Each structure stands twice: as C-alpha cells, then as structure tokens.
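Right, one structure below, let's go through it.
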2 protein chains.
Amino acid sequence: MADLRRPERTFTIRQLCNEFKATPRALRFYEDKGLLNPAREGLNRVYSHKDRVRLQLILRGKRVGLSLTEIRELLDLYDENDEGAAQMARSLKKFRERANALEQQREDIDNALIELREACNRLEKRLAEIRPDLLPRAADYEQVLRARLDGHAEAMLGK
Amino acid sequence: MADLRRPERTFTIRQLCNEFKATPRALRFYEDKGLLNPAREGLNRVYSHKDRVRLQLILRGKRVGLSLTEIRELLDLYDENDEGAAQMARSLKKFRERANALEQQREDIDNALIELREACNRLEKRLAEIRPDLLPRAADYEQVLRARLDGHAEAMLGK
DNA sequence: GTCAACGCTTACGTAAACGTCAACTTTGCA
DNA sequence: TGCAAAGTTGACGTTTACGTAAGCGTTGAC
C-alpha cells in the first residue's frame, strides 16, 4: 500500500470533493474555466498531487473573495514562468488590492450597521411607548444564539 | 408658487432620480416589483410625497443590504395595517436579523483579511530574500491613495 | 417646422458560480 | 448476469438588479 502522501498518488474527483467539501460539478466547472487540468484515464479525471494543490489555492482564493477569473490569472502566472519572482510580486499586488477592497467593504458594513442600529433604536423607542408588549425580548434571541453554537455567543451578548 | 414642501407637491420621475441619484429604469423596476405605485397622468408617472418617502425607505433598505423582496415585504406591512405596531415589531425583527447577518459578514471579512495578510507576509518575506527589487513599495501605493481622494488616506497610512 | 429632452412600453442582455436534469458508459461485486 | 454506484458530457435554469436598446408619443424652445 503506497504512502498516501507520496507525490505519485492520484485522486478521484469525489475524493477531492469530500476532502474539500466541494461538488463534482464545481471541479468540472473549474476545469471548464481553465483553472484545473487533471489527467484522464479513459474519460475519467485523475487528479495529481499538483492538481490538489491548485484546488487548494482555488478554494483559498475563493475564501478571500477573489473571482474565479482572478484566481485563474494568478494560477496562470505560476505556470508560465519557471518558478516565480515577478509572479509573486504580482500575486502580492493582487492580494493587497483585495485587502483594500475588503477593508472598504468592512467600512460599508459598519455604515450599514450604524444606520440599522439607529432604525432599531427608533423602532424600539416608539414600540416601547405604544405597544411595549410587542417588543422582541431576550427570549427571542435565544433561537439566534442557539443557531450558532460556536464560541462567540458571549461576545454577542456584550462581554 | 407653491411651497416645495407642501404635501400636495408631486414629482416627476427624473426629479426623484436626481434627488436620490437613481435612474428612471430603477424606479420603473421598483414599480414592476410592486415597491412603488405612483399615480399616472396619462401615461406619465406622477410621484406623490408618500411615494417619495417610500423611495427613501427603499434606498435605505438597499444601503443596509436588504433585497428588494424583503423591502417590499416591509413596505407591505406598513400598508396593510392601519398604522403599525405589529408591523413595527416585525420591521424591528428584520432589522435585527440583518444586523446579525452583517456582523457575520464582518467576521468573514476579518477572517479573509487574516488569511490575506498571512499570504502577503509570506510573499513579502520570500520576495525580500530572492528579489527585493520587485517588492512593491510606497510609491506603488500612491496610485491607490490618489484613487481615493477622500479623507481617510491618512488613516490608511496608519495614523 | 423640427429638433432635443423627456417620457412610455416591451423585451433581451448581463454577470457569477454553479444546480439540476437527461441520457450514457464504465466498473465493481454478489 | 444483472444492478447499483460513480463517472462522463452537454445544456438549460437560477438569482438579482437593473442596463441597454428599439420604437413611439408629447411638449417646449428656437
């Protein structure tokens, strides 16, 4: 039995899907878009170790909000040149741009949150005057809290 | 000449567009989707004072990231009942939900930013070792900064 | 008289990232 | 051998919020 980590090891589409929680359709889609290029064994796709790495990069790119097109451009850079330096510089640039965009998004979200909280306050105030019984209270929030079983429930409660 | 603020005052589609920086297409679209219902004078749309308020609410909803469908539901609530209390409660609930969603999004963004910064650091480190001349430096950022002529350039620079 | 500005309706186009069939082939195994 | 599981290739559907004509009517200015 070969070492699972030996570079010669290959993967089926579903193995990668299970490992990275993707769907076959997605992998084929990435291939369609030129982000992946697995070998074939007859018709079947055979993913190499390098393909697996590429997939990881794709998913990482997605997590930080790059479009598939952008990801493809980055991947292409790594391929074209024989081990990158200029490419790394370009990746770095791209990443910094994305970071800036994300910071902008955060600002937008913060503004929206401010507006929302103002609206909430106004509504709460008027409801308290007119129909205090209708005010959604802590009990209503337990659902929300239970829905996210992770650790920041306390943080949400304000300490 | 009538007082511009008199409630009887009406607006043409372009007046509202100019005031709120929307396009006629957008207002017609909102109408199509049941968010607006301006009167007609022949074929032409005539927006009342109330329509203007509705439009304001629509745009506010959009700013905080509600979908047109959600906005419509909220607007409908205000219409159905004879001046709301239950509706206010429901709006409040919706707003709070949206606030929670936005906070979640902020977290996602923060995570992406962490991942991005790690990647940037790795790249910078390796580039510094291998080809320090390719390291994008402050000069490259002036473009970015110039691209946003507003006031937080200093904030971006770190104080 | 005629051109520009504004308005109207109808309807197709767009972008992103797949989901969801349909219809087939291949492979393993009991 | 006979069926189910997993693979394949198209190709159309989905969602959101409009953009972008195309083709036509109305009104005011020159």
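These numbers were taken from a predicted model, which means no experiment stands behind them.
Taking atom CG of residue B/Asp32 and atom C1' of nucleotide C/dA11, one finds them 11 Å apart after rounding to whole Å. With rounding to whole Å, B/Arg28 atom CZ is found 11 Å from D/dG19 atom P. In this structure, CZ of B/Arg25 is placed 16 Å from P of D/dA22, rounded to the nearest angstrom. In this structure, CZ of B/Arg45 is placed 14 Å from C1' of D/dG25, rounded to the nearest angstrom. Counting to the nearest Å, the P atom of C/dC8 and the OH atom of B/Tyr47 are 7 Å from each other. The interatomic distance linking B/Leu36 (CG) with C/dC8 (C1') rounds to 17 Å, in whole Å. Nucleotide D/dG19 holds its P atom 10 Å from the CZ atom of B/Phe29, rounded to whole Å. C/dT9 atom P lies 5 Å from atom CZ of B/Arg40, rounded to whole Å.
In this structure, B/Ser67 does not reach the D/dA17 phosphate: none of its side-chain N or O atoms is under 4.0 Å from OP1 or OP2. Within the structure, a side-chain polar atom (N or O) of A/Thr12 is placed less than 4.0 Å from OP1 or OP2 of D/dG7. Side-chain N/O atoms of A/Thr23 include none lying less than 4.0 angstrom from OP1 or OP2 on C/dC18.
Residue-level contact check: A/Arg14 touches the backbone only, with heavy atoms under 4.0 Å from sugar-phosphate atoms and none from bases. Within 4.0 Å of B/Lys62, counting heavy atoms only, lie sugar-phosphate atoms of the nucleic acid but no base atom.
In this structure, the side chains of B/Phe29 and B/Thr23 stay at 4.5 Å or more apart for every pair of heavy atoms.
Under a 3.5 Å cut-off, the side chain of A/Arg52 and the backbone N or O of A/Leu16 do not form any donor-acceptor pair. Between the side chain of B/Arg98 and the main chain of B/Val64, a donor-acceptor pair closer than 3.5 Å is present.
Mapping A/Leu43 and B/Leu68 onto DNA chain D by nearest heavy atom places A/Leu43 at the nucleotide closer to the 5' end. Projected onto DNA chain D by closest heavy-atom contact, B/Leu27 and A/Val46 fall at different nucleotides, the more 5' of which corresponds to A/Val46. Along DNA chain C, the nucleotide closest to A/Tyr30 and the one closest to A/Asn44 are compared, and the more 5′ of them pairs with A/Tyr30.
Here the shortest heavy-atom pairing between A/Ala39 and A/Asp51 reads N-OD2, 4.4 Å.
One finds no salt bridge joining B/Asp32 and B/Arg28 here, because no Lys/Arg side-chain nitrogen approaches an Asp/Glu carboxylate oxygen to under 4.0 Å.
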